[in-house]
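None of the values given here were measured: they were computed from a predicted structure. Chain identifiers are assigned alphabetically (A, B, ...) following the order of the sequence lines, protein sequences preceding nucleic acid strands; residue numbering begins at 1 within each chain. Just the heavy atoms: all of them, side chains too, but no hydrogens, waters or symmetry mates, feed the values below.
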Amino acid sequence: MAVQLVLTLPDGSTREVPAGTTPRTVAQAIGAGLARAAVAARVGGQIVELDRPLAASGPFQILTDRDPEALGVLRHTAAHVLATAVRRLFPDAGIGFGPAIEDGFYYDFAVPRPFTPEDLERIEAGMREVVAADYPVVREEVGREDAARRFAADPLKLERLAEIGDGEVISVYRDGPFEDLCRGPHVASTGRLQHFKLLHAAGAYWRGDERRPMLQRIYGTAWFSQKDLDAYVRRLEEARKRDHRLLGRQLDLFSIQEHVGPGLIFWHPKGAMLQFQLRRFIEDVLLARGNQLVYTPHVTREELFLKSGHLPLYAENQFPPMGAGEGEAEGVRYRVKPMNCPMHILVYAAQQRSYRDLPLRLTEIANVYRNERSGTLHGMLRVRGLTMDDGHIFLRPDQIESEIFELLDIVDLVLGRTFGLEYRLDLATRPAEKLGTDEQWTQAEQALESALKRRGATYRLDAGGGAFYGPKIDIKFDDAIGREWQGATIQLDYQQPERFALEYTGADNQPHRPVMIHRAIFGTMERFIGFLIEHFAGAFPLWLAPEQVRVLPISDAQAAPARALRERLHAAGIRAALDDRSDTLNYRIRDAELAKVPYMAVVGAREAQAGTVALRVRGAGAKQEILTQDAFLERVTDEVRTRRRGP
RNA sequence: GCCGGUGUAGCUCAGCGGUAGAGCACUGGUUUCGUAAACCAGGGGUCGUGGGUUCAAUCCCCACCGCCGGCUCCA
């Protein structure tokens with residue numbers, strides 16, 4: 001007589017089954033429809049395949065093709081199907097890892113030559129054969145020696161096997177001819193995979209370690225329906241249209257000139273206007289909150305960065321020394337600065353500081369240069385010449401929490417309340433290699449955490465992700481294609497005040513060492529504006545738009561009144577252009593729409609007569625609105641002043 | 001930096017071992033127009049750079065540079 005298990009279903013009801021019953025049987029007992037839609041099951045907290053015998057009582061849920069977790073299971077199997085096909089075509093291919101990832105899956109292979117696009121086509125066709133064969137995906141638990149025998153020809157798998165602890169289950173999944181060391185779970189058979197597509201191949205270091213061999217990774221995507229697959233492909237296409245590199249050219253915002261150098265941005269007038277508006281905005285915000293502007297040199301004697309500790313540690317990311325002769329000017333080696341912190345420290349240290357001066361908040365929108373590795377450059381999102389909105393705050397340890405709280409508020413004011421952006425907060429704590437005492441770290445981490453909690457912010461814990469000099473809060477966002485980038489950052493630093501022997505005189509008339517916070521709200525103008533371009537798809541809110549209004553006379557007869565309207569707008573501080581070219585109105589409207597100008601003010605005979613404008617709003621199509629010039633001016637200036645997000 | 005792909009006019013792209021083409025953009029002219037492309041004409045390219053093979057290279061080979069997709073790294 002088997003032991004009876006009690007399963008608690010999601011609706012709260014319970015069901016008694018003998019131990020060893022499979023989820024599939026339970027699903028069938030609940031209903032034939034559910035059994036058909038079933039992909040996997042959640043038992044306790046764990047997702048298992050449908051044919052895994054149940055061993056314990058507890059919460060139980062059948063996952064169908066409507067549960068997001070089920071998609072992960074399907075994609076994981078898709079990775080195995082991929083490996084099955086690759087092994088068939090390339091029997092000697094070594095296998096690495098093949099997980100499900102967001103929107104798809106990949107598998108890494110050790111092969112003597114990289115896959116070609118033609119290989120991918122053959123492999124995808126091979127996958128369709130594996131699907132058509134509808135191999136059951138069979139789980140087997142094996143002993144260590146058995147596993148070692150099975151994967152004797154796969155050194156990468158053996159490496160993984162050696163890491164599995166003695167108490168842990170070693171499981172193997174087989175579909176047809178292919179066997180993989182794998183934790184699972186999987187769908188019941190390869191036939192379940194129908195709607196998939198291989199996307200591309202790329203090199204990837206084994207275990208993400210650049211000292212280890214490079215494997216060939218094949219990426220793919222898989223969905224439960226053709227409709228979902230099509231929607232995904234469309235989503236990728238839409239995302240590509242928002243790419244800031246494409247829009248940057250189409251809207252004439254910026255360029256990168258090959259003969260000047262990669263990663264160096266030319267801000268064209270329209271892009272420069274974006275940056276100008278953002279600078280004004282952030283400087284206003286910071287000045288209103290007790291920051292002081294400074295300007296500091298772009299180059300320095302190299303010793304400064306030796307003292308700060310950047311050299312030689314950071315040398316790989318710095319441009320080499322400059323000057324006459326062998327990297328020297330008058331016998332001294334100069335470097336262009338990759339960071340501003342030592343500069344701001346010198347401003348702090350230029351006079352004696354009292355505890356009454358703290359927090360001392362120095363801020364500078366500064367250009368710095370970093371010799372980023374060539375393969376990492378990416379439009380404006382990753383550059384070599386960066387314009388940081390960089391600030392350094394010098395304070396007493398007891399001021400940390402309130403200052404962090406204040407900084408988080410500025411971040412939310414700028415990113416959240418002004419732009420309506422979604423961003424994530426990561427609390428990065430002490431790494432293995434660190435400087436400073438454990439007490440300092442504990443105090444610092446607690447200060448960051450309690451500031452986050454006091455704000456009611458949700459954040460992820462990035463354990464061990466802190467800098468060697470202190471913990472930090474990183475603010476991250478996604479670009480159009482879904483890649484994650486770091487924008488704002490708030491970092492505590494105990495190290496540099498130490499290295500530069502910074503002091504302030506306390507109320508006790510004794511010298512004390514201040515703590516330092518590095519902070520950036522936008523991060524860099526390049527990355528932030530690149531991100532904004534993608535976020536708004538180039539259709540910037542009025543206050544940011546390089547060109548806010550375009551005045552369009554219907555014919556030459558309205559040239560004078562149209563010009564007068566443009567002058568009125570200029571006088572009101574509005575960036576207005578006049579398009580009185582001899583092209584048709586339709587042509588000029590199309591031109592303005594493509595340039596993503598927020599407002600088109602059309603002036604025909606009727607409007608010229610009545611002192612009105614026929615207003616066309618970007619993206620609103622032919623819907624138009626007739627209003628007086630006064631009303632129009634008021635509306636526009638009001639929207640600019642309040643930094644409204646529209647139109 | 002590493003792996004793969006790629007580079008033809010300002011942009012998007014076609015082409016091919018016999019020294020280059022389209023659309024858009026630009027310039028000139030005609031058109032004066034009521035909400036997403038009027039018409040006609042014209043100018044514009046050392047085919048990324050440097051070597052090599054060849055009677056002849058934009059095309060084939062090599063190297064370098066840039067770009068794209070990943071990996072690694074980071075604001």
Determine whether a donor-acceptor pair (one donor, one acceptor, N or O, separation below 3.5 Å) exists between the side chain of [X] and the base of [N].
X        : N     : result
A:Ser582 : B:U32 : no
A:Arg373 : B:C74 : no
A:Tyr106 : B:G70 : no
A:Arg618 : B:A36 : no
A:Arg212 : B:C2  : no
A:Glu607 : B:G34 : yes

Any strand is fair game: report the nucleotide pairing with [N] by Watson-Crick or G-U wobble, both distances under 3.5 Å, or none.
N     : answer
B:G66 : B:U6
B:A41 : B:U27
B:C16 : none

Closest listed nucleotide, where the reference is the side chain of [X] and the choices are [options]:
X        : options             : answer
A:Met214 : B:G70, B:A36, B:A75 : B:G70
A:Gln624 : B:A36, B:C26, B:U35 : B:U35
A:Thr584 : B:A75, B:C33, B:G66 : B:C33
A:Arg581 : B:C26, B:C33, B:G66 : B:C26
A:Gln216 : B:C3, B:G7, B:G34   : B:C3
A:Arg370 : B:C67, B:C71, B:C74 : B:C74
A:Tyr219 : B:G70, B:A37, B:G34 : B:G70
A:Glu210 : B:C74, B:C67, B:U72 : B:U72
A:His200 : B:G70, B:G34, B:A37 : B:G70
A:Met388 : B:C33, B:A75, B:U12 : B:A75

Original post:
Using the C1' atom in both, what is the distance from B:U31 to B:A41, to the nearest Å?
Top reply: 15 Å
Subject >> Distance-only donor-acceptor check, side chains A:Asp108 and A:Trp206, under 3.5 Å >> reply: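 No.
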Phosphate contact ([N] OP1 or OP2) by [X] side-chain N/O below 4.0 Å:
X        : N     : value
A:Thr376 : B:C74 : no
A:Tyr369 : B:A75 : no
A:His378 : B:G69 : yes
A:Arg483 : B:G69 : yes
A:Arg207 : B:C71 : no
A:Arg245 : B:C68 : yes

Sugar-phosphate only, base, or nothing, as touched by [X] at under 4.0 Å among non-hydrogen atoms:
X        : value
A:Gly375 : base
A:Arg217 : sugar-phosphate
A:Asn586 : sugar-phosphate
A:Gly604 : base
A:Ala605 : base
A:Val383 : base
A:Ala622 : sugar-phosphate

Can you tell me the distance, in whole Å, between the [atom1] atom of [X] and the [atom2] atom of [N]?
X        : N     : atom1 : atom2 : value
A:Met525 : B:A75 : CE    : P     : 18 Å
A:Ile589 : B:A38 : CD1   : P     : 11 Å
A:Ile256 : B:C68 : CD1   : P     : 7 Å
A:Asp583 : B:C24 : CG    : P     : 13 Å
A:Glu593 : B:A36 : CD    : C1'   : 7 Å

Subject >> Geometric cation-pi criterion, A:Arg75 with A:Trp223: 6.0 Å, 45° >> reply: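 Yes, A:Arg75 and A:Trp223 form such a contact.
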Subject >> Minimum heavy-atom distance A:Gly538-A:Leu247, with the two atoms named >> reply: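 Taking A:Gly538 first and A:Leu247 second, the nearest heavy atoms are N-CD1, 3.9 Å.
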Subject >> Considering all heavy atoms, the nearest A:Phe196-A:Leu229 contact >> reply: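 In terms of heavy atoms, the two residues are closest at N-CD2, 3.8 Å.
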Subject >> Aromatic contact, A:Phe105 with A:His80 (centres under 6.0 Å) >> reply: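 No - the distance between ring centres of A:Phe105 and A:His80 does not fall below the 6.0 Å cut-off.
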Original post:
Do A:His268 and A:Phe254 have ring centres separated by under 6.0 Å?
Top reply: no
Subject >> Side chain to side chain, A:Val613 and A:Val551, heavy atoms closer than 4.5 Å >> reply: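 The answer is no; the side chains never approach within 4.5 Å.
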Subject >> Salt bridge flag under 4.0 Å for residues A:Arg234 and A:Glu237 >> reply: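 A salt bridge is absent here (no side-chain N lies under 4.0 Å from a carboxylate O).
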